[in-house]
Amino acid sequence: MSEAINKAVLVSTQVAIMEQLPETGIPARSPLAHLKQTASRTAPENPGVYLWELALKTHLALRGDANNADFAKGVEAATGLALPEVLQSNHNKEWALSWIAPDEWLLTGPGDQALTMEMALREQLRGHYAVINVGGGQTLMRLAGPRARSVLMKSCPYDVHDNNFPVGKVVTTVLAKSQATLRRVGDDDWELVVRRSFADYVWRWLVDASQEYRLSLSQPPQGASTNRSGRTQASPVEI
């Protein structure tokens, strides 16, 4: 951590914050890096499911009182996002803020901005709160395509029907024999927050559960719609 950053943090907040990005020349590896090396590069025709990892993103856990106006204003001032309501999320072009518990939220975004965002939050927040970098302990997966919901229906007990799980909703639930935080980012586009130690297991489960729907281990082609035909198009989250 540079002397300038260290001094700024200590003067303003009396909290020492460590830059967790590796130095130049040291490769960073996501929890699923080993699987990408062996993944098939051949995509099926007209895939029904797309699965890919959003690797090495920033994950900041926020704790505070949602009823405290100063806390809510501080979060919005630092992130540009209002605190979401229960089981909801808010997002802009780079960041997403998801409700996790009555006093907890998860902020995800660009992987090289963790320190900058943590410092911004600590500059804006006062009183009883916590900002914790949890990026080393979890990763993001995206599941998209016209049969993505069918995969989730086979994999978790929570009701993911449109009437119960609209775009923007967030739920932490059982997934296979693990758990994940599900966020619906489009009609047929889902984000999963998975703990690092279960990432390999969850990935392999989703791959197996998706085989019957013509799985592609890649992002959808640029500009391609992953929504079922005849459905109202929802604005996807660009993270």
Side-chain angles (χ1 to χ4, degrees), residues 1 17-43 47 49-62 79 89 91-98 100 105-118 131-145 148 151-152 155-156 170 172-186 189-211 215-222 226 236-239:
M1 181 163 52
I17 304 175
M18 184 179 70
E19 171 63 271
Q20 298 189 31
L21 287 177
E23 297 178 356
T24 303
I26 301 177
R29 287 175 59 86
S30 78
L32 299 174
H34 62 292
L35 293 178
K36 294 178 181 178
Q37 297 174 357
T38 60
S40 172
R41 302 297 179 182
T42 303
V49 177
Y50 296 88
L51 176 65
W52 70 101
E53 182 189 17
L54 295 172
L56 305 176
K57 294 291 188 178
T58 290
H59 297 240
L60 295 177
L62 310 181
T79 66
S89 64
H91 71 273
N92 55 30
K93 189 173 182 180
E94 292 189 322
W95 296 91
L97 184 60
S98 300
I100 301 297
W105 299 263
L106 178 65
L107 180 67
T108 56
D112 60 352
Q113 297 183 30
L115 180 64
T116 301
M117 178 57 76
E118 184 174 354
V131 181
I132 308 166
N133 188 333
V134 296
Q138 54 195 38
T139 192
L140 293 175
M141 301 179 192
R142 284 284 278 269
L143 188 71
V151 175
L152 291 176
S155 304
C156 77
V170 179
T172 298
T173 183
V174 173
L175 186 76
K177 293 183 179 180
S178 180
Q179 74 169 36
T181 298
L182 305 180
R183 181 168 72 98
R184 193 170 191 176
V185 298
D189 195 349
W190 307 75
E191 180 184 270
L192 294 79
V193 181
V194 180
R195 295 195 179 278
R196 186 182 190 94
S197 57
F198 287 100
D200 179 274
Y201 165 75
V202 170
W203 177 271
R204 292 176 188 273
W205 174 282
L206 293 174
V207 167
D208 183 70
S210 302
Q211 290 299 324
L215 170 66
S216 174
L217 295 176
S218 64
Q219 298 185 41
Q222 189 70 26
T226 60
V237 178
E238 297 179 0
I239 294 295

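Quick caveat: nothing in here was measured; it's all calculated off a predicted structure. Count residues from 1 along the sequence.
Under the 3.5 Å distance criterion, with hydrogens and angles disregarded, a donor-acceptor pair is assigned to the side chains of Glu53 and Thr139.
The CG atom of Leu54 sits 7.0 Å away from atom CD of Gln219, with the distance rounded to the nearest 0.5 Å. The CG atom of Leu51 sits 4.0 Å away from the CH2 atom of Trp203 when rounded to the nearest 0.5 Å. Leu192 CG to Thr181 OG1: the interatomic distance, rounded to the nearest 0.5 Å, is 9.0 Å. Summarising the geometry, atom CG belonging to Leu152 is positioned 7.5 Å from atom CG belonging to Leu206; distances are rounded to the nearest 0.5 Å. Within the model, atoms CE of Met141 and CG of Leu175 stand 8.5 Å from one another, a figure rounded to the nearest 0.5 Å. For the atom pair CG of Asp112 and OG1 of Thr58, the computed distance is 7.0 Å after rounding to the nearest 0.5 Å.
Counting heavy atoms from C-beta outward, Cys156 and Leu182 have side chains that approach closer than 4.5 Å. Contact annotation: the side chain of Thr172 never approaches that of Val193 to less than 4.5 Å [non-hydrogen atoms, C-beta and beyond]. A heavy-atom distance below 4.5 Å is found between the side chains of Leu62 and Leu97. Using a 4.5 Å cut-off on side-chain heavy atoms (C-beta onward), Ser210 and Tyr50 make no contact.
In terms of the side-chain contact (heavy atoms from CB on, under 4.5 Å) criterion, residue partners of Ser89 (sequence neighbours excluded) are, by chain and number, Ser98, Val170, Arg183. For Asp200, the salt bridge (charged side-chain N to carboxylate O under 4.0 Å, His left out) partners two or more places apart in sequence, or in a different chain, are Arg204. Partners of Trp190 according to the side chain to side chain donor-acceptor pair (under 3.5 Å) rule, which considers only residues two or more places apart in sequence or in another chain, do not exist here. Residues satisfying the side chain to side chain donor-acceptor pair (under 3.5 Å) criterion with Ser216, sequence neighbours excluded, are Ser218. By the salt bridge (charged side-chain N to carboxylate O under 4.0 Å, His left out) test, Arg196 is found to be paired with no residue, residues two or more places apart in sequence or in another chain being considered. In this view, Val174 and Pro157 satisfy the side-chain contact (heavy atoms from CB on, under 4.5 Å) rule, not counting sequence neighbours.
Considering all non-hydrogen atoms of both residues, Leu60 and Asn133 come closest at CD2-CA, 3.7 Å.
Of the listed residues (Trp205, Tyr201, Phe198), just one forms a side chain to side chain contact (heavy atoms under 4.5 Å, CB included) with Lys177, and that residue is Tyr201. Remark: of the listed residues His59, Arg195, Lys57, His59 is the sole one forming a side chain to side chain donor-acceptor pair (under 3.5 Å) with Gln138.
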Quiz prompt | Evaluation steps, side-chain hydrogen bond (donor to acceptor under 3.5 Å, both in side chains), between Thr108 and Trp95 | solution = CA-CA 6 Å; Thr108 56; Trp95 296 91; over 6 Å; no

Quiz prompt | Audit row: Leu107, Met117, side-chain contact (heavy atoms from CB on, under 4.5 Å) steps and yes/no | solution = CA-CA 10 Å; Leu107 180 67; Met117 178 57 76; 3.6 Å; yes

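Taking the charged nitrogens against the carboxylate oxygens, Asp189 and Arg184 have no contact shorter than 4.0 Å, which rules out a salt bridge.
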